[in-house]
Number of protein chains: 2
Amino acid sequence: MTTAHRRFKDSLYEQFARVGKAVAAPKRVELLDLLGQGSRAVEALAGLAAISVPNASQHLQVLRAARLVEARKRGLYVEYSLADDEVGHFVVTLRGLAAARLAEVEQITRAHFDGRGGPDAVAGDELIGRVRRGEVTVLDVQPAEEYRAGHFPRAVSIPIDELKARLKELPKDREVVAYRRGPYCVMAVEAVELLRQKGFTARRMELGVPNWRARGWRVATVRRGAGA
Amino acid sequence: MTTAHRRFKDSLYEQFARVGKAVAAPKRVELLDLLGQGSRAVEALAGLAAISVPNASQHLQVLRAARLVEARKRGLYVEYSLADDEVGHFVVTLRGLAAARLAEVEQITRAHFDGRGGPDAVAGDELIGRVRRGEVTVLDVQPAEEYRAGHFPRAVSIPIDELKARLKELPKDREVVAYRRGPYCVMAVEAVELLRQKGFTARRMELGVPNWRARGWRVATVRRGAGA
DNA sequence: CCGTTATTCAAGCGTACGGTTGAATATTCA
DNA sequence: TGAATATTCAACCGTACGCTTGAATAACGG
């Protein structure tokens, strides 16, 4: 009886640990994060996560086995997506927990932002209203592909590596708030630095796309091309 | 530059995955679950999780390295506890996600409850009021030790293996709602069966102690004995 | 029908992990 | 001080995991 109970408990916790195992590998967390922005094919995910395609496929299958993501065949591609909004919440919770408890996270981000005048972040909540009033320009420095998958309302898309060349597209008289994916991404900081050098008033947004979605905010999405 | 960004991202996700790794081992999520009920010493945890003491110690140190639990030396014992309420939330989320997505969980629990007339659960929310009005008797069938760590308000403690002998302590004219830790535990079901055989009107409660705590409900606690 | 492309399968390799065992380290009590 | 007890440390073993490489499997286009 008691031993039967043990077996039951063991098999149960083994199942729970399956989703634990799914987020035990850094690259898998990153993939989930990526998918939190929108559905993508294997090759795209592999590129964004900087891993080989077979490796990405392997990871995605692990995630699929844990029912965290779903695969949908779309012509020649396989479109992966989060199985549920709850999964997105879970990942955000995981990140939040890590950020709150692991001093290392703070250290790592600080090490990157170090000396450059600090993050100078602005909260997304504050922004919503000011954007609507046209007081600020919101700049999305993600690659166009990620912008397409979801972006801040009314945000202008200029990928970081094109920013220098396309600076004239931004109005100089308004404050610019740059963002990229995730709360810890350096890209936004680099953009802010560049803009400041060029005489703009620029700041960095605190949260990225997946966080908005997790918070239930609406995320503007360009319709996905029918061809590709 | 882009490679620097990669390194940054990698080290960041590596930190996130630390939390993931912490809940990648079944026994560790069981330990977290146990700790969700209240602080305990290593030996007690080892016993409850059915693992050796050194093994438990090892797991606990992994959890401590991930900042999910905290250790506090109390005389000869080391009292482990969850580092934060958020950790409890996280574990509940994890379990919920697993239960929602993994058909296996449903299967396993069903295999145990099979044929015996079903779970017949009653939600904790519904119960709160009825207990206050004295309409039902709430029965805690956990071991006394676990009862001491935290239990439902006004619950009567009769460990499952003493239940048969102490049946007369329960009033026959009121409905009895039995519970034990976690939403999937068989003990409550067994208690309900026994009670029904003896002529009681009995049901099983849906959620266990850690869930209440995670929901922010108050949990009655008997003061911890100074001696043991 | 054949080449191309996206994805998956399969095998192999090095490392890390979970668990065991036995000894070492604290802390309390006499 | 010395015995008793709770916990941790350290070494070890078998397995599983993450990643790579190379081939196999689908789906589309000419």
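Note on naming: letters A, B, ... go to the chains in the order of the sequence lines (proteins, then strands), and numbering restarts at 1 for each one.
- Separating the CZ atom of Arg74(B) from the C1' atom of dT28(C) is a distance of 16 Å, rounded to the nearest angstrom.
- Between the CD1 atom of Ile51(B) and the P atom of dT7(D) there is a distance of 13 Å, rounded to whole Å.
- Residues Asp84(B) and Arg67(B) are not paired through a salt bridge, judged by the lack of any N-O separation under 4.0 Å between the basic side chain and the carboxylate.
- One N or O on the side chain of Arg28(A) and one on the backbone of Lys21(A) form a donor-acceptor pair closer than 3.5 Å.
- In this structure, the side chain of Lys27(B) does not engage the main chain of Ala56(B) through any donor-acceptor pair within 3.5 Å.
- Taking a cutoff of 4.0 Å between a charged side-chain nitrogen and a carboxylate oxygen, Arg6(A) and Glu30(B) qualify as a salt bridge.
- Gln61(A) and Ser57(A) are linked by a side-chain donor-acceptor pair at a separation below 3.5 angstrom, with hydrogens and angles left out of the test.
- Looking at Arg18(B), its side chain does come within 3.5 Å of a backbone N or O of Ala65(B) through a donor-acceptor pair.
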Requested in this report: Kindly determine whether Leu167(A) and Leu195(A) satisfy side chain to side chain contact (heavy atoms under 4.5 Å, CB included), including the steps that lead there.
Outcome: CA-CA 8 Å; Leu167(A) 270 181; Leu195(A) 289 169; 3.5 Å; yes
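- In the helix from dC1(C)-dG30(D) to dA30(C)-dT1(D), the terminal helix axes, each the rotation mapping four pairs' C1' atoms onto the next four within five end pairs, subtend 30°, rounded to 10°.
- Taking 4.0 angstrom as the limit, His59(A) places a side-chain polar atom (N or O) nearer than this to OP1 or OP2 of dC19(D).
- Applying the 4.0 Å criterion to OP1 and OP2 of dC17(C), one finds that Arg28(B) has every side-chain N and O outside that range.
- Judged as a ring pair (Phe, Tyr, Trp, His ring centres under 6.0 Å), and not counting sequence neighbours, Tyr80(B) has no contacts.
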Report summary line: Under a 4.0 Å heavy-atom criterion, the protein footprint on nucleotides 5-16 of chain C, written with B, S and -, is BSSBB-------
